[in-house]
Amino acid sequence: MFRRFRSDVIESLKKFDVDERFVRESEHADLACTIAFKIAKERGEKPQDVAEEIASQLSIESEYIGSVEVVNGYINFFASLEFLEDTVNFILDSDENYGSLNLGGEVLIEHTSANPDGPLHIGHIRNSIIGDILARMFRKAGIDVTTHYYVNDMGRQIALTVLGIEKFGISNEKPDHAVAKAYIAINRYLEEHPEERDRIERKVEELMKSYEEGDEKTIELFRDVVNRALEGAKETLRNLNISHDEYVWESEFIRNNYVDRIISMLDERGLIRKNGAWTVDLSDLGYEKEVVIRRENGTTLYVTRDLAYHLWKNENFERFINILGSDHKLIANQLSDILKLIGLKPPEIVFFEFVSLPEGSMSTRKGKFISADELIDRVYREAYEIIKNREFSKEEKKDVAKAVAVGALRYDFIRVSPEKPITFDWKKALDFERQTASYIQYSHARACSILRKAVSEGMPDLEFAAELCTPLERKLVMLLSKFSAVVERVVKELRPNIFADYVMDVAMNFNDFYTQHPVLKAETELRMHRLAIVDACRIVLRNGLELLGIEPLERM
RNA sequence: GGACCCGUAGCCUAGCAUGGAUAAGGCGGCAGCCUCCUAAGCUGCAGAUCGCGGGUUCAAAUCCCGCCGGGUCCGCCA
């Protein structure tokens, strides 16, 4: 709805050459236009005078523009009562579809893609959560989404883990944790027995070579490790409300010839230097070192297979987005540039900074990490503590604690912009007394509770009346109208934290409304008006939480 | 050494792309609010030279240059 209002405002300013850059949201108006500053500068006049002149010449045809004011050179637009009314009625009618867009198109989102050498840790899930929420936002925007987990099954660590299991066996715990144990054990062994390094290094190389060449026995060994790790990761992701449409193994691109194809594409254009190893020279683009795409022993590297994967993406999708840790910046940029050199489309990439522990960065290899499983479990127990004395059944207590815990985790990771580094802090992770998902869930539960009570007391009718709006109610409804505008922005800018902020904003304003405006105690007309607002808020909060992958509880 | 990212109240963060109206929210601190729709809530107060120094501009947290502090990357690893 807000998108309509905005385009109507821009339309009214069209003859002054105004585009969306000069029309912005503001605390002083529903939309404020800053074009007068620019024109005043060109003409050497005062912004205020120019603004007044423009305001007197507006061509307002939209019934959604209620009034226009000029203050300090700003041209301030206010939405009309019709706009508020249409907004609330539209929300009530659209219900679960409110906020949807019809942008069309398709997109592939690759996220998580952690090495299958152990459980997902709290750094990986920043990736998963960004990717999952982006996928949900794209779907809401009416874009066809496919999600991929790219499985690095050809890595050195997998070969090492195979040796680790051979030497130390594998434990009975959750399979991804068991894999990590073997991986950590062999690394420690290597550390303690430097004399063994050469021998094990040779075995690793042999294993990698025969895996790449398709040796049955080796394939079995590698698949066993990878499947164990993946099985555990899937369970963790399921607990976080995350699922992938497909798991794509990088070895597939060896077997289906995409690797050969991408190499000959590069070769045909004379981009490969063959001095023992095969390399691509990117020094014209400012890269210091050549990119190696084939080892001297004939095997390929991660980047080679990734190149092949992206050839496949080019053939199958019009848009593809990768979520990557910032440690991949160099290699990902090299990948993009190589793709461009052979006329292929590079991926769109969302980089995120590291999640580190107070004592430093995490390392699966050294066993220095906090697993997502451990985090989920501890946050769950903390949430359970809070509600254990409430009058819920045991089952319901578990469900509520689970929903609150997962919500808190997801919200904590998504609310900060991807480019900010995060230092993990147990105390904060376990603290619910602050701006977090449970605050939003609570607001939603409150709205549900009022509505429930209204029905049980025999007054279920809703009827929004714009002229009855208090300033706070007006502000709330304007906020509600912005849902799809925010969805559009996130999809365009690939910044899901904006949406987390939006939902929080709605929740805060709803809580303000809640404390200041009695609903069920108000007389009939006002009660119906406020019930309509409550229901509209409920819908926005519920749809918003679902987009964030957080369960909208009706009681808590 | 080179490249990229971050630096906003005691703490965590928004705002920076597209420069504009008193720099926004939370935690923590202090003072209050439950005969009333869930107090996982609300109100008020205190708390900021927007890392530092220059520059551009009528106007800079936002753009440019330099510096400082923190992180990441620079493997025939992934």
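All values derive from a computational prediction rather than experimental measurement. Note: hydrogens, waters and symmetry copies are ignored here, and every other heavy atom, side chains too, is used.
- At least one side-chain heavy atom of A:L335 sits under 4.5 Å from a side-chain heavy atom of A:P347.
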Pick out the pairs of N or O atoms, protein on one side and nucleotides 30-36 of chain B on the other, that lie under 3.5 Å.
unit_1, atom_1, unit_2, atom_2, d
B:C36, O2', A:K521, NZ, 2.9

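- The stretch residues 490-499 of chain A participates, sequence neighbours left out, in these salt bridge (charged side-chain N to carboxylate O under 4.0 Å, His left out) pairs: A:R489-A:E493, A:E493-A:R495.
- A 3.5 Å limit on both hydrogen-bonding distances identifies no Watson-Crick or G-U partner for B:C16.
- Residues passing the salt bridge (Lys or Arg N to Asp or Glu O under 4.0 Å) test with A:D425 are A:K428, sequence neighbours excluded.
- Under a cutoff of 6.0 Å and an axis angle of 45°, A:R446 and A:F510 do not form a cation-pi pair.
- Here B:C63 sits opposite B:G55 as a Watson-Crick or G-U wobble pair (both hydrogen-bonding atom distances under 3.5 Å).
- For A:R202, there are no salt bridge (Lys or Arg N to Asp or Glu O under 4.0 Å) partners two or more places apart in sequence or in a different chain.
- Listed nucleotides: B:A17, B:A40, B:A78. Nearest to the side chain of A:V400: B:A40.
- With its glycosidic angle more than 90° from 0, B:C33 is assigned anti.
- One N or O donor and one acceptor, one from the side chain of A:R390 and one from the base of B:A40, sit under 3.5 Å apart.
- With sequence neighbours excluded, the residues that form a salt bridge (Lys or Arg N to Asp or Glu O under 4.0 Å) with A:R3 are A:E488.
- Applying the side chain to side chain donor-acceptor pair (under 3.5 Å) test to pairs two or more places apart or on separate chains, those with a residue in residues 350-370 of chain A are A:S326-A:E353.
- Under 3.5 Å, the side chains of A:H111 and A:S128 contain no donor-acceptor pair of N or O atoms.
- Side-chain to base pairing of A:S417 with B:A14: no donor and acceptor N or O lie closer than 3.5 Å to each other.
- The listed nucleotides are B:G15, B:A78, B:G20; the one nearest the side chain of A:Y74 is B:G20.
- If you check every strand for non-hydrogen atoms under 4.0 Å, A:L451 touches nothing.
- A salt bridge (charged side-chain N to carboxylate O under 4.0 Å, His left out) check over residues 16-31 of chain A, counting only residues at least two apart or in different chains, returns the pairs A:D19-A:R21, A:E25-A:K482, A:D30-A:R474.
- Contact check, A:Y302 against B:G75: no side-chain N or O comes under 4.0 Å of OP1 or OP2.
- A:R295 has no side-chain polar atom (N or O) that falls below the 4.0 Å cut-off from OP1 or OP2 of B:G75.
- Only A:A32, A:F37, A:K41, listed by number, bring a heavy atom of residues 30-45 of chain A to less than 4.0 angstrom from any atom of RNA chain B.
- For the salt bridge (Lys or Arg N to Asp or Glu O under 4.0 Å) test, no residue two or more places apart in sequence or in another chain qualifies with A:D431.
- Every side-chain hydrogen bond (donor to acceptor under 3.5 Å, both in side chains) that A:D176 has, sequence neighbours left out, goes to A:K174.
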Between protein and nucleic acid, restricted to nucleotides 42-46 of chain B and to nitrogen or oxygen atoms under 3.5 Å apart, what atom pairs and distances do you find?
unit_1, atom_1, unit_2, atom_2, d
B:C42, OP1, A:Y439, OH, 2.6
B:U43, OP1, A:D512, OD1, 3.3

Pull out every protein N or O sitting under 3.5 Å from an N or O of nucleotides 4-11 of chain B, one pair per line with the distance.
unit_1, atom_1, unit_2, atom_2, d
B:C4, O2', A:K329, NZ, 2.9
B:C5, O2', A:E353, OE2, 3.4
B:C5, O2', A:E419, O, 3.0
B:C6, O3', A:K420, NZ, 3.4
B:G7, OP1, A:K420, NZ, 2.4
B:C11, O2', A:K428, NZ, 3.3

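- Searching all strands for a Watson-Crick or G-U wobble partner of B:G1 with both distances below 3.5 Å returns B:C74.
- The pairing partner recorded for B:G44 is B:C30, the criterion being a Watson-Crick or G-U wobble arrangement whose two distances lie under 3.5 angstrom.
- Among the atoms of the strands shown, only primed sugar atoms or phosphate atoms (P, OP1, OP2) are found under 4.0 Å from some heavy atom of A:V292.
- Each of B:A39, B:A78, B:A14 was ranked by its minimum atom distance to the side chain of A:Y514; first place goes to B:A39.
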